[in-house]
Amino acid sequence: MRREIVSRLRKEYIASILAKGERMDGRRLDESRSINIQFNVTGSAEGSARVQIGKTDVIVGVKMGVGTPYPDSPESGVLSTNAELSPIAAPNFETGPPREDAIELARVTDRAIRESGAVDFDSLCITPGEEVWMLFIDIQPVDYDGNLFDAAEIGALAALMSAKIPYSRMEEGAEDKPLPVRCFPVSITAAKIGDSIVFDPNLDEEHLADARLTVGVDENGAVRAMQKGLSGGFTREEVGKIIRTAGVLGDERRRLLFEAAEEAGVPVPR
Amino acid sequence: MRREIVSRLRKEYIASILAKGERMDGRRLDESRSINIQFNVTGSAEGSARVQIGKTDVIVGVKMGVGTPYPDSPESGVLSTNAELSPIAAPNFETGPPREDAIELARVTDRAIRESGAVDFDSLCITPGEEVWMLFIDIQPVDYDGNLFDAAEIGALAALMSAKIPYSRMEEGAEDKPLPVRCFPVSITAAKIGDSIVFDPNLDEEHLADARLTVGVDENGAVRAMQKGLSGGFTREEVGKIIRTAGVLGDERRRLLFEAAEEAGVPVPR
Amino acid sequence: MRREIVSRLRKEYIASILAKGERMDGRRLDESRSINIQFNVTGSAEGSARVQIGKTDVIVGVKMGVGTPYPDSPESGVLSTNAELSPIAAPNFETGPPREDAIELARVTDRAIRESGAVDFDSLCITPGEEVWMLFIDIQPVDYDGNLFDAAEIGALAALMSAKIPYSRMEEGAEDKPLPVRCFPVSITAAKIGDSIVFDPNLDEEHLADARLTVGVDENGAVRAMQKGLSGGFTREEVGKIIRTAGVLGDERRRLLFEAAEEAGVPVPR
Amino acid sequence: MGGKSDIRLIDENGIRIDGRRRDEMRPVRIEAGVLKRADGSAYLEWGDNKVIAAVYGPREVHPKHLQETNRAIVQYYYAMAPFSVDDRKRPGPDRRSTEISKISAEALENVIFVEQFPRTTIDVYVTVLQASAGTRCAALTAASVAVADAGIPMRDLVAACAAGKVEDQVVLDLVKEEDNFGQADMPIAIVPKTGEIVLMQMDGHMTLDEIDEAMDMAIKACYDIYEIQKEALWKKYERLAEEEVV
Amino acid sequence: MGGKSDIRLIDENGIRIDGRRRDEMRPVRIEAGVLKRADGSAYLEWGDNKVIAAVYGPREVHPKHLQETNRAIVQYYYAMAPFSVDDRKRPGPDRRSTEISKISAEALENVIFVEQFPRTTIDVYVTVLQASAGTRCAALTAASVAVADAGIPMRDLVAACAAGKVEDQVVLDLVKEEDNFGQADMPIAIVPKTGEIVLMQMDGHMTLDEIDEAMDMAIKACYDIYEIQKEALWKKYERLAEEEVV
Amino acid sequence: MGGKSDIRLIDENGIRIDGRRRDEMRPVRIEAGVLKRADGSAYLEWGDNKVIAAVYGPREVHPKHLQETNRAIVQYYYAMAPFSVDDRKRPGPDRRSTEISKISAEALENVIFVEQFPRTTIDVYVTVLQASAGTRCAALTAASVAVADAGIPMRDLVAACAAGKVEDQVVLDLVKEEDNFGQADMPIAIVPKTGEIVLMQMDGHMTLDEIDEAMDMAIKACYDIYEIQKEALWKKYERLAEEEVV
């Protein structure tokens, strides 16, 4: 009971400073936390990355293997995205088969990659109708301090950029080739708390949030994916503003991704 | 506690009028509720039917696909029958994998169809040992007011009668052909309440029933399937009487099925 | 509460007599209970055995079938070992998928057989890379009075010794041939209670045990498998002594196995 | 989204594959109170989609640890009947239906007075009997009527409709072929009285202007859906009234 | 049922594939009280069937929501050992065993005084170690003895046996080949003292007259089984008495 | 174990495939307190193995029937990330990880003062991010540091290392190729203060003398590991002290 009163007071306080355009950690409402992207963090994966957005920490691995294409797309590689919300990352996460939160995280990340055409799946065909490359993106948060959506998506993109198709495993002497990535969608998440919209919400802000909107924008400013969450509503205007701000923040984050990639010797377009 | 007393009184009352040969809803002991059979209720299925017996309402869909035969019957199509007791149909039904009630319903329906030879599985062979037609019967009750066994079985039979083998999906230009049904087993269920036997029990009667017997009879009066349920017992004589009455009721219900089929333009024998 | 006191008293008493080198059932600390081994106890298995160590009673069946080899060992048969801790054997065993106790029992038995090379898996190849014999060892305890590890392992070995490769099932007229067993590892389990080490612990002793060590020794005195269990620790010296005693007890048990086999007409080396 | 097709999905007169204009919705028919056992229910046909929804509650929560001390929880179970699609769907929830159930529950929670029923659950079951794109909007629209039919206090209904992009044009309410071979799909659900957006997803490719146009189109359609929902409930109440007179 | 075979299952002298006459049962042997840990147990051989049954209870129900306030519940777990059949059976319940467990539990409930033990469960576990048709009757027959061996109050035992139809003749207690290639199988269980039928299934094809004949044959056999059951319990009590004397 | 290989795993100078001597351990690096949300945590690199461990507790037990009235239970969850091995590992526990979790929990229970926290659980989660043989020892070593980092009262740490047999020679800390093509592997964990062995497994083929040599080698290595563990915790405390000063 007392805890509830405290948390209600805390919520009121945070909402009041948000109304003044301030956040607990000093950020502007439309400001992301600092982001740190490392490439090739695990040698057993074909590609991997570790992304830290503030204290949120996510490892993404890309594995590739040879498999059978779907009958309705016999010349396309197959993408499978999975997220494991292990208790390592937060005390309330549970072991066992993925629950709705993990499934939503995986599916939203999957769509941002798949629907943007970031990967040319036709280039992953080995023998039409028989053998194609299977592409597994595995998302493993290790510390959860809010906004897993953005961390997972940029991590998936970075892991793909660093991935090498393991031709050497198929044929002795063959050379592994970089997996071509041709579109760079970036997910930007906003949360609505009271009447304020904050971007890149941290854990405290997520707990207070009434509604959430994740927008995936590409390097041409086009929207590639959206996902609204939580039971609160957005007005028509709020959605419009979030999408436009997401474009700006997305460009910034994409620039940071490319910088980190260049530093790590990972190929970058241009 | 009080509810228990009420329900005991209710049970005693119903038993007492049953002893006089009367039922709460005015039917004779050996009388079915009115039955309504619609064909082709969902366009995505190869065959389908909706059966209402009183307020009990069941939708059955037949799907067909190409698959591999069992090694021990390389020239036979494969039948798989499944029942989903979704909470849509009753507040005490639960989501999740099928429990014993759903499994019993599916298996009893399956045996009535399979063991009667209603479908000529040999005619469902495409390439011996390699490709055969898989026949899926899916039973979806949407309102449960007693006697799912009979509704599911007549629904399965009706759905099969309306089914078309989708040859056009295998080969461009090929024509779909009606699935040949060559035997018309009808399941009739009786319940024992006290010393009375009632046919086509409704939900109230099922709650009071000590024992249940479902008998599948074909158009030649032969018995094709039986299933006893609940912990009460039947005497040797009661079983004999139920089987004989089932033959009469089965003929009547088969006539209603054929009438409904004719009206709907579904092929009927004779 | 009172039960706990009783059980603590009982534990103290047993520990005190163990300290004097005595056991409740009159055995020496390093003495096994009497063992009874029957072969071919179920005709539907390719090989089977029933092992009783004291009141502990385990049935092991070996089934063989044709399957695909693993890609990384295309010329080797496949072994799969499974244990079912059915409530038949003990009131606290539960139905459902195998839990950690059943999995540990199966894996320890599997390793003792697999790593000792008891079975020549290369002789189980039918067509390299395509067809090999699958070997299933299924362990079914029916009465549990302590030390399932030893009973399961000797049962698995006996079942393998009695097994016949069912060539007749592959080809009309072909003859079934005995499965060649070429190494005879025997598992010996010790338990530490207080400062005493007892061998072949019965159920009472298992309940009191702080630590457990199972040692698999072959006919040449070499160690083929070990597994420590429970949260207590062993000293370096205790482990050394257990291994040496296991060698002696293993020889004795192997002799009993061979005697029982000879009596049953099951081929025995030498 | 993003599949390839040789089919022209919109002809030179702006007419779509099923004869509709760009901003035209498929015909929608809703019937409330169709089931005997459920506390509330609705049957909906939306083009070739057929959906049935049943609602129970507020009722006890099992298992107990899911209880919320200060409000009812809303549990939503979206399911597709095995025979609702061309290739038989295996029964039981998959990842897609789990996600749809999650966001649909969140949308419904918005309009139900959950604070009035602490420690209880409101269970919404929707089964798609025949599917032809747009089933999540059809399901949520039906579910909303079923909740109202159950007499559960709500501040409004939820109405849903999708817009998307086909052959570089923004269109309303995509049909199966458009969903398979189009460029974007964006399902939206709103609370009509306030205009708030309570469900929103999108995948594919749309410019900011296209998003704006699609949002306008979908929201407008939600208001049409809203009228059909209210009419269905109205008819149900009339039916009840008549029965009482009799 | 209904498979095809070139094998003659009954010869011109009316002798079946395993040498039995039409109305002859396979040899049945039952031993009660074979296990140490179980509250009650039985081992049964019926032709080539081998079955072991263990019973616990009345004991606490987990999970609690399965409790019945006015009686004990009976839970029956029929299982086949992986090595009990020609093709290894994967462990764990399948649909067939779930159905058998359900109807067998119902049959046993008939004879157990469940009202005497409210809020408890009586758990019956039966595992088939070797199978050759008729395992559900063998299992229920053994289970019934194991319940009695556990000292659980019963008004009678349950005895089971099947009859069926092979080459147009009604026969008792089908063996594997007859089950595979015969025309009908009808397992029955009765409460011998009253003659009530508490388990009954049938599939295949039988005329009314054949059903009558098969019922008579199976019920008569159940009474033979009953004698074997009682004898097994008798021997167990004798053994106990002897042990006590010693 | 027991695979075949044409590779020479130890050369004529006694140097192993990765350049180590017979009794040489791979380099081990441990960092304590690496996570924000966990009560305690550790990151460990051991040759090419990379492992992360998180600890929560003592905290409430769910489901309740797992509670022990007189002590805390220790639950250990060993997992391999799907991308930690050459062929992607399907998520979720398999039989191998279940066994490793069981024996590792038992080993940790030895050093935790579980009696101090009745009715609670101490939950240990270890995920292998990159695997190259010896992961169960690496995981347990990291887990032990994470438990200490969580401030849970312990009488000592647990330190683990394997020894084994390759080309007829006893070697310490097998690397992947040695594990695949060697003759024996024997993981050991000890409580350094007392020298007690709390985890021990072995498979393959070793004579009694080889076992003795391997045990000596592994136990000696555990003491080296112990120093690295203590240093990691020391550094963490220094870091905390510094932060407090600031």
Side-chain angles (χ1 to χ4, degrees), chain B residues 1 4 71-73 75-76 80-82 97-108 110-117 121-122 183 185 192 210-218 220-240 242-244 246-247, chain E residues 1-4 69-71 74-76 86-87 93-112 114 156 158 165 180 183-191 194-212 214-216 218-219:
Chain B
M1 190 57 153
E4 264 174 47
D72 58 354
S73 54
E75 305 193 10
S76 286
S80 167
T81 306
N82 188 66
R99 284 149 213 250
E100 52 177 33
D101 283 335
I103 288 171
E104 188 184 20
L105 177 60
R107 284 179 60 83
V108 168
D110 185 277
R111 283 200 294 266
I113 300 295
R114 184 191 301 270
E115 303 293 345
S116 66
F121 289 108
D122 290 351
C183 177
K192 181 172 173 180
D210 300 302
R212 192 190 66 225
L213 185 65
T214 300
V215 180
V217 284
D218 69 19
N220 302 315
V223 178
R224 310 307 294 246
M226 288 202 281
Q227 179 88 348
K228 187 206 155 278
L230 307 184
S231 64
F234 286 107
T235 65
R236 168 81 181 74
E237 291 65 41
E238 285 168 343
V239 171
I242 290 170
I243 293 175
R244 277 157 180 84
Chain E
M1 289 301 112
K4 293 145 207 164
T69 53
N70 53 348
R71 61 177 184 89
V74 176
Q75 300 191 92
Y76 189 104
D86 280 348
D87 292 325
D94 54 16
R95 294 162 64 99
R96 176 179 167 272
S97 65
T98 301
E99 184 193 358
I100 292 175
S101 294
K102 178 177 192 290
I103 58 173
S104 302
E106 290 170 342
L108 274 182
E109 242 183 88
N110 189 287
V111 293
I112 297 174
V114 289
D156 197 4
V158 167
K165 182 172 156 190
N180 290 344
Q183 294 155 294
D185 188 25
M186 184 173 77
I188 281 183
I190 67 164
V191 178
T194 62
E196 282 169 290
I197 295 167
V198 287
L199 180 146
M200 182 169 197
Q201 293 186 297
M202 181 268 180
D203 57 58
H205 179 290
M206 288 210 264
T207 64
L208 297 185
D209 290 346
E210 287 164 348
I211 294 261
D212 280 336
M215 277 173 72
D216 289 338
I219 289 171

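Each chain gets a letter, A, B and so on, in the order its sequence line appears, and its residues count up from 1.
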Report task. Could you tell me whether B/Arg107 and E/Asp203 make a salt bridge, using a distance below 4.0 angstrom between a side-chain N and a carboxylate O? Result -> no

With chain E as the partner, which of [options] has the greatest number of non-hydrogen pairs under 4.5 Å?
options                                : value
B/Gly221, B/Gly240, B/Ala211, B/Gly232 : B/Gly232
B/Asp101, B/Leu230, B/Asn220, B/Thr235 : B/Leu230
B/Glu238, B/Arg244, B/Arg99, B/Arg114  : B/Arg244

Which one, [options], leads in non-hydrogen pairs under 4.5 Å with chain B?
options                      : result
E/Val74, E/Leu208, E/Val111  : E/Leu208
E/Thr207, E/Asn110, E/Ile190 : E/Asn110
E/Met200, E/Glu109, E/Met186 : E/Met200

Nearest 0.5 Å, what's the [atom1]-[atom2] distance between [X] and [Y]?
X        : Y        : atom1 : atom2 : answer
E/Met215 : B/Ile243 : CE    : CD1   : 6.0 Å
E/Lys102 : B/Ile103 : NZ    : CD1   : 10.5 Å
B/Asp72  : E/Asp87  : CG    : CG    : 8.5 Å
E/Glu196 : B/Lys192 : CD    : NZ    : 6.0 Å

Query raised in the report: Does a donor on one side chain and an acceptor on the other come within less than 3.5 Å for E/Glu99 and B/Gln227?
Result: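 Distance-only check passes for E/Glu99 and B/Gln227.
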
Can you tell me which portion of [X] sits under 4.5 Å from chain E's heavy atoms? Options are side chain, backbone, both or neither.
X        : result
B/Val215 : neither
B/Asp110 : neither
B/Arg224 : both

Query raised in the report: Within a strict 4.5 Å, meaning less than it, do heavy atoms of the B/Glu104 and E/Ile103 side chains meet?
Result: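 Side-chain contact under 4.5 Å: yes.
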
Report task. Side-chain contact test, heavy atoms from C-beta onward, threshold under 4.5 Å: evaluate it for E/Met202 versus B/Val223 and give yes or no. Result -> yes

Query - Side chain B/Lys228, main chain E/Val198, donor-acceptor under 3.5 Å - result: yes

Query raised in the report: Does the side-chain contact (heavy atoms from CB on, under 4.5 Å) test come out yes or no for E/Ile211 and B/Met226, once each step is laid out?
Result: CA-CA 11 Å; E/Ile211 294 261; B/Met226 288 202 281; 3.7 Å; yes

Query raised in the report: With a 4.5 angstrom heavy-atom cut-off, which part of E/Ile219 approaches chain B: side chain, backbone, both or neither?
Result: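 Just its side chain gets close to chain B.
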
Query - Verdict with supporting geometry, B/Thr81 and E/Arg95, side-chain contact (heavy atoms from CB on, under 4.5 Å) - result: CA-CA 11 Å; B/Thr81 306; E/Arg95 294 162 64 99; 5.7 Å; no

